[in-house]
Amino acid sequence: MSDINKKQDELIEEFKFFDDWMDKYEYIIEMGKTLPLIGEQYKTEDYIIKGCQSRVWLHADMKGEHVHFTADSDAIITKGIIALLIRVLSGEKASDIAKADLYFIDKIGLKEHLSPTRSNGLLSMLKQMKMYGLVADSKGLVDG
Amino acid sequence: MSDINKKQDELIEEFKFFDDWMDKYEYIIEMGKTLPLIGEQYKTEDYIIKGCQSRVWLHADMKGEHVHFTADSDAIITKGIIALLIRVLSGEKASDIAKADLYFIDKIGLKEHLSPTRSNGLLSMLKQMKMYGLVADSKGLVDG
Amino acid sequence: MEAFDVDTTSMKNRIGERRKDFPILQRQMNGKPLVFLDSAASSQKPDVVTSAIKSYYDKTHANVHRGVYQLSQEATDAFEKSRATIQSFINAKHSHEVIFVRGCTEGINLVASSYGDAFIREGDEVIITTLEHHSNIVPWQMVCEKKGANLKVVHVDEAGEIDLDDYKSKLSSKVKMVAVNHISNTLGTINPVKQMIDMAHELDIPVLVDGAQATPHMKIDVQALDADFYVFSGHKMYGPTGIGVLYGKEHWLNKMPPYHGGGEMIKTVTFEKTTYNELPFKFEAGTPNIADSIGLAAAVDYIGEIGLDVISEHENDLLNYGTDLLSSIEGMRFIGTAKAKAGVISFLVGDIHPYDIGTLLDKQGIAVRTGHHCTQPLMDHYGIPGTVRASFGLYNNMEDLDRLYEALTRAVNILS
Amino acid sequence: MEAFDVDTTSMKNRIGERRKDFPILQRQMNGKPLVFLDSAASSQKPDVVTSAIKSYYDKTHANVHRGVYQLSQEATDAFEKSRATIQSFINAKHSHEVIFVRGCTEGINLVASSYGDAFIREGDEVIITTLEHHSNIVPWQMVCEKKGANLKVVHVDEAGEIDLDDYKSKLSSKVKMVAVNHISNTLGTINPVKQMIDMAHELDIPVLVDGAQATPHMKIDVQALDADFYVFSGHKMYGPTGIGVLYGKEHWLNKMPPYHGGGEMIKTVTFEKTTYNELPFKFEAGTPNIADSIGLAAAVDYIGEIGLDVISEHENDLLNYGTDLLSSIEGMRFIGTAKAKAGVISFLVGDIHPYDIGTLLDKQGIAVRTGHHCTQPLMDHYGIPGTVRASFGLYNNMEDLDRLYEALTRAVNILS
Ligand SMILES: Cc1ncc(COP(=O)(O)O)c(C=O)c1O
Ligand SMILES: Cc1ncc(COP(=O)(O)O)c(C=O)c1O
C-alpha cells in the first residue's frame, strides 16, 4: 500500500505548484499524453465504460501478483485524469489496488470528476480497476 | 330592477346591526326558517343542485311575467342564504332577475359562500335562478 | 421512573415551543387567532423548510444530472442528498428504491399502471379496504377495468377497524396486489399493516401501503414492515406541495416497465430502439422537482430533530384530551373509535349538517375540514354524508382544543 | 424613427437592470463571477418568484378545494388565480383548458397516454420530427408500441430546419397525432408550427406543440396558433421546478379518459362505479402543487412586466453578437444555422470533445451545457456525439458573451 501512497503524495506535491485552475488542467492534459494507451484490439464495446459525457476504454493485464492497466478516452481531460489514476495504481499488487484509498484526488481538487453524478465514466472506471484488483487478488489467493 | 335593489338595500340595512359574526349567522339561520319550502314532490334528483358540501333543491313558478321560487337545503346556513336570495329575487319580473346585480351579498359579508370554489351549491343555484329569469323572459317576449 | 417523567415533560415543553417555527400560525381569522386543525389535509410548514427552498434557488439552482459545470454539480449533489435523507427516514435498503413523485396519488397511480401492466391479468384480483382514500381506490378501479380484473373490498367494522378474518378469506392465488391505508385520514385508525403484509406474503402477494397519514405521525421502517411499496406526500409532513415519494423494493421496480417516457429515464434513444436507464432514473422522466425534494429533506431533518416518538406522544395526548373534552357535548357522535388511533377526531353532533358546524367554527377562527374527506365509500358504510374532522400536527396544543370546544359549544347552541 | 430607437434603447437599458433581480447571479465560480449560459436547461429565478412561494406558505397555505374555512378558501382562490394568469398568458379560451402538471414531460406523457388510449389504434401513425427532445419522442414510442401504431419522423436539413415537403408527404388519414417542438433546445430553430398545424388540420389531425423552449422567449397565443395541445415547463421560464402546464382544447380534453385516479378528479366514488369531475379537475388527481403554481404565476407576471417582445429582441441581440464573436475562433462549427433562431448557440471547435471545452469553461466561471441535450437522434443526424451549448435568458448581457469568447479562446488554445 505504501507504494501507492508514495505516488499519491508525489502527485499532491507536483500539483502544489498550480494556483491557477487552467495551469492545473494544462498539466493534466500533458499527463494524458503519457497514458499507456490501450491496444486498438481492446477499443471495443467489451472494454468500454460509458458515461453520458465521455467514453473510457480500460484493459487490465496480470503479471504475477501485479496488475497493469492500459486505457483511453475520447475526451482529453478525462484521459489526463485516467493517466493520474494509472500512474498511481498500475503495476501495484492486486491486493493493494483493491484496498487503496485514493486521497490524492480530493487533495489536488479533482473530486468532482469522480462524483457519482458526473457521469463521465471515471467513477465507473475506478470501480472497475478496483474490481480487477479484487478478482486478481482472490485468484492469487486461490492459486497460492 | 329598482325593486330588487330596494330589497337589497333593506337587507344591507338590517345586517348593519351585527358586529359579531355569530350573531349575523344566527340571523341568517332565522331567515332560513322563513324560506318558502319547495314541495316534497320537487325534492328529487331532477331539482337537486349538488355541491360537494351541501345539497340544494330549487323550483321556479311563472306567474305572468313574474318568477316565484321555492327551495330547500340540507344545511341550515345554506338554507338561510337561499332565503336571502329568494327574498330579493322571488316575485320579480323575469327580465329583472336575469339582469340583477346582487351587490348585497358582498356588502353583508357573504361573498365567500358564493365563491366558485366553495362548492356548496349556492353559486350554481344563483346561476340557475338567473337562467330561469332569462328563459322566462325570452318566452315572455315570444308570447307577447 | 421519576427521571423519565421529567424527561418527557421537558420534551413536551420543547415541542410546545415549536409552534413559533410556523409563521402562518400567527395569523388572525375573522378577528380571532387561527386554530389550525386540518393537518390531515395538509400540514403547515416551518420556516426551515420554506427557507431551504428559497436558499436553493438563490444559491444553487441549475438543472441536475449530466451538467459539467459546478452549479449543476452542486444542484445534483443537493438533490441526491435529499434522496439519501428520505432513504434513511424510511430505512430503505437502497437510495435508488426512493422515487420522487408529485405526491401519494401519483405514486399509487404509477404502481397501479406500471405494475398493473406487467402483472395484472384478466380474472386476477386486487384487494383494498373500505377505509381507503379515493387515491387508493380509483387507480385500482381503473387498472381492474382495463385488465378485466376484480376489485375486492375488505370490510371495516363499526369502530373503523379492518376485519382481518374477511381479509384472510379474500386472500388467494388470484390476488395480485393488496393496497391498504396505513392510517385512515377520516377515522384515524392505525391499521395492522405489518400483519396484513405478512399474511399476503405467505401467498407471495405484494403489498402497497398508502402512508400519506403515517409518515408525519410515526416512525416508518419499510424493511421491518417488509412493504413492497410505500407511498407518501411531502405536504402532509411539514414539507412542500408538489413532492412525494414512492418507495419500492428494488426487485419489483426492476421488473416493472417505465411509466413516463422522456429525459433522464433513458440510456440511449434512437427512433428504432430506446433503452432505459437504471433505478431510480427509470421512473423519473423529465426535470424533477429539485427544489421541493430539498424542501422535503429539510422537513425530514426538522421532524428528526424533534423525534417522531415525541411527536406521536404529543399527538396522542391531544387525541385523548380532545376526545374527553368533546364527549361532554350533547349529541356528540364520534366516527372512528378504533383502539389504535392517530391524531384525528371525526364527529357529528345530533343531526346538524357538518357544513353548518364548519362554517360557524370558521367564523370563530377554527379551521376544521368537513365533508367526505375523499372517502365516500366509507361514508356510505356509516350511512352519513360526511363528518367534521379535527386533525393534529406537532404545533397544536391543549389550548387549541379548548378553543375548539368553546367554539363548537356555541355553534351547536345556535344550530340546534 | 429616431424616437423609436431611443425607446428601444431605454427598454434595453431597463432589461440590463433586471440582472440584479436574480440573487444567484452574484455567485462566484472557481474564483470568477458566474456567467450563466444554460437557461435552456433551466433558467434562474428572480426574487419575486421565490418570495411568492415563501409568502404563500407563510401566510396562506391550506389544502385547496372543498374547504369551508377561510384559509382554504384563500389558498383555493390563489391557486385558481394562477390558472387564470396562465390562461391569459397563452390566451386560452377557457381557464379549465389549463391543466397543471409537473412539467413538459408529464404533460406530453399525459396526452400520449390518455389521447392515445382513446384515439390511437393498430396501424395508425404518429408524426414527430428529427429535432424532438426525448420527452417528445419516448412517450410516442411507448404508445405506438402498445397500440401497434407507427412512428413517422419528419426530416430536418443540415441547417436544422424541418423539411416541410417531407412533412406534407407523411400526412395522411392514418396519422392520429402530430407532435412537434416549437423551438429546438439544441439548435435554437424556431419551427413553423402555425403552418404545420394548418396543414395537419386540413386532414383533421390534432397537433401537440412542445413549447418548453418557446414560452420563455416569445409570446404564445394558443388560439391564434390553433394548437390542440400546448405543453411547457415552469422552470425554464423563470418559474419553479415541479410545475408545468398542459393546455388542451376543451373538446379534446372532454373526449379523453382521465389519466390519474384519486382525490379531486372524481365526482362520486362507490366501489361499483366512479364518475369523473369536470375540467380541469378531471386531469388533476391528488393535491396539486399549489405553491409552485403560485410561483409560476409570479414568473408570468414578471415576464409580462418586462414584455416578451423586449425579451425576444434582447436575446436576439445576444444571439447575433455571440454568433459574430464566436465565428472568429478557428475551427468553429455551429450546429444549427436556421434562419429563424432563438437564443441558443450550439457548437463544436475542430475535433475537440465538448466535455473538455465544458470543463475548462467551468473553471473560468462559465456555465454551459455539453452533451446530447436529450436529443440523441438529432446528434446521430449530424453524426456527432454532442455539442457545447450556450443558451440565453433575459439576464444575460454582452459582457457574458465577451467572457465566453475569452474563456473559450483560452480553452481552445490549451485543448488543441
Ligand atoms: C424542447 C424540450 N422539450 C421538453 C423538455 C422537457 O422538459 P421537462 O424536463 O421540464 O419536463 C425540454 C427540457 O429539457 C425541452 O427543452
Ligand atoms: C390516506 C391518504 N391517501 C392518499 C392521499 C392523497 O395524497 P395527495 O393528495 O397528496 O396525493 C391522502 C391525502 O388526502 C390521504 O389522506
Side-chain angles (χ1 to χ4, degrees), chain C residues 23-24 29 38 41-42 44-45 50 53-54 57-59 61-63 66-71 102-103 105-106 109 134-135 137-139 141-142 151 153 233 235 240-242 260-263 266 268-271 274 285-287 289-292 355 358-359 362 367 369-371 374 376-377, chain D residues 23-24 29 38 41-42 44-45 50 53-54 57-59 61-63 66-71 102-103 105-106 109 134-135 137-139 141-142 153 233 235 240-243 260-263 266 268-271 274 285-287 289-292 355 358-359 362 367 369-371 374 376-377:
Chain C
I24 205 171
M29 283 295 146
D38 194 24
S42 195
Q44 298 302 343
K45 322 301 170 198
T50 54
I53 295 169
K54 180 144 177 46
Y57 283 127
D58 287 352
K59 293 194 191 120
H61 176 67
N63 212 332
R66 285 193 298 269
V68 299
Y69 57 89
Q70 190 185 329
L71 210 53
R102 177 171 37 249
T105 301
E106 189 188 26
N109 277 277
H134 292 165
S135 291
I137 300 174
V138 186
Q141 285 184 320
M142 286 164 73
L151 198 63
V153 184
S233 289
H235 71 97
T241 58
H260 284 166
I266 55 89
T268 57
V269 175
T270 66
F271 291 126
T274 289
T287 302
N289 189 346
I290 310 166
D292 290 328
Y355 180 78
T359 302
D362 175 47
R369 186 125 316 222
T370 62
C374 290
Q376 282 182 1
Chain D
I24 204 171
M29 282 295 146
D38 194 25
S42 194
Q44 298 302 343
K45 323 300 171 201
T50 53
I53 295 169
K54 180 142 178 48
Y57 284 127
D58 287 352
K59 294 191 191 124
H61 176 67
N63 212 333
R66 284 194 299 266
V68 300
Y69 58 90
Q70 190 185 330
L71 210 52
R102 176 171 39 250
T105 302
E106 189 187 26
N109 277 277
H134 293 164
S135 292
I137 299 174
V138 186
Q141 285 184 319
M142 287 164 72
V153 185
S233 288
H235 71 96
T241 57
I243 191 86
H260 285 166
I266 55 89
T268 56
V269 175
T270 66
F271 292 125
T274 290
T287 302
N289 189 345
I290 310 165
D292 290 329
Y355 181 77
T359 302
D362 174 46
R369 185 120 325 216
T370 63
C374 291
Q376 283 184 356

Bottom line for C:Ile137: the part with an atom under 4.5 Å from chain D's heavy atoms is side chain
Given D:Val269, D:Thr50, D:Thr105, the one with more heavy-atom pairs under 4.5 angstrom with chain C than any other is D:Val269
The reported gap from OG1 in D:Thr268 to NE2 in C:His134 (rounded to nearest 0.5 angstrom) is 8.5 Å
Exercise. Please examine the side chains of D:Asn289 and C:Asn289, heavy atoms only from C-beta on, and report whether any two atoms are closer than 4.5 Å.
Key: yes
Any C:Ile24 side-chain heavy atom under 4.5 Å of D:Leu71 side chain: yes
When every non-hydrogen atom of D:Gln44 is compared with those of C:His61, the smallest separation belongs to NE2-O, 2.9 Å
Between D:Gly261 and C:Pro139, the two heavy atoms sitting closest are O-CG, 3.5 Å
With chain C, the option among D:Ile243, D:Thr270, D:Thr241 that has the most non-hydrogen atom pairs under 4.5 Å is D:Thr241
How about C:Tyr69 and D:Thr370: do any of their side-chain heavy atoms sit closer than 4.5 Å?
no
Cut-off 4.5 Å, heavy atoms of chain C, and the answer for D:Ser233 is neither
Is there side-chain contact between C:His235 and D:Asn63, with heavy atoms separated by less than 4.5 Å? yes
Distance col, row D:Glu106:CD vs C:Glu106:CD, nearest 0.5 angstrom, shows 5.0 Å
One option among D:Gly263, D:Cys374, D:Gly358 has the most heavy-atom pairs under 4.5 Å with chain C, and it is D:Gly263
Interface check, chain C: of D:Gly286, D:Ala62, D:Gly103, most non-hydrogen pairs under 4.5 Å belong to D:Gly286
The side-chain contact (heavy atoms from CB on, under 4.5 Å) partners of C:Met142 (sequence neighbours excluded) come to C:Val138, D:Tyr276
Counting heavy-atom pairs under 4.5 angstrom with chain C, the leader among D:Lys45, D:Lys59, D:Arg369 is D:Arg369
Applying a strict 4.5 Å limit to non-hydrogen atoms, the region of D:Val153 in contact with chain C is side chain
d(D:Lys54 NZ, C:Lys54 NZ) to nearest 0.5 Å is 9.5 Å
dist C:Gln376:CD -> D:Thr274:OG1 (nearest 0.5 Å) comes out at 8.5 Å
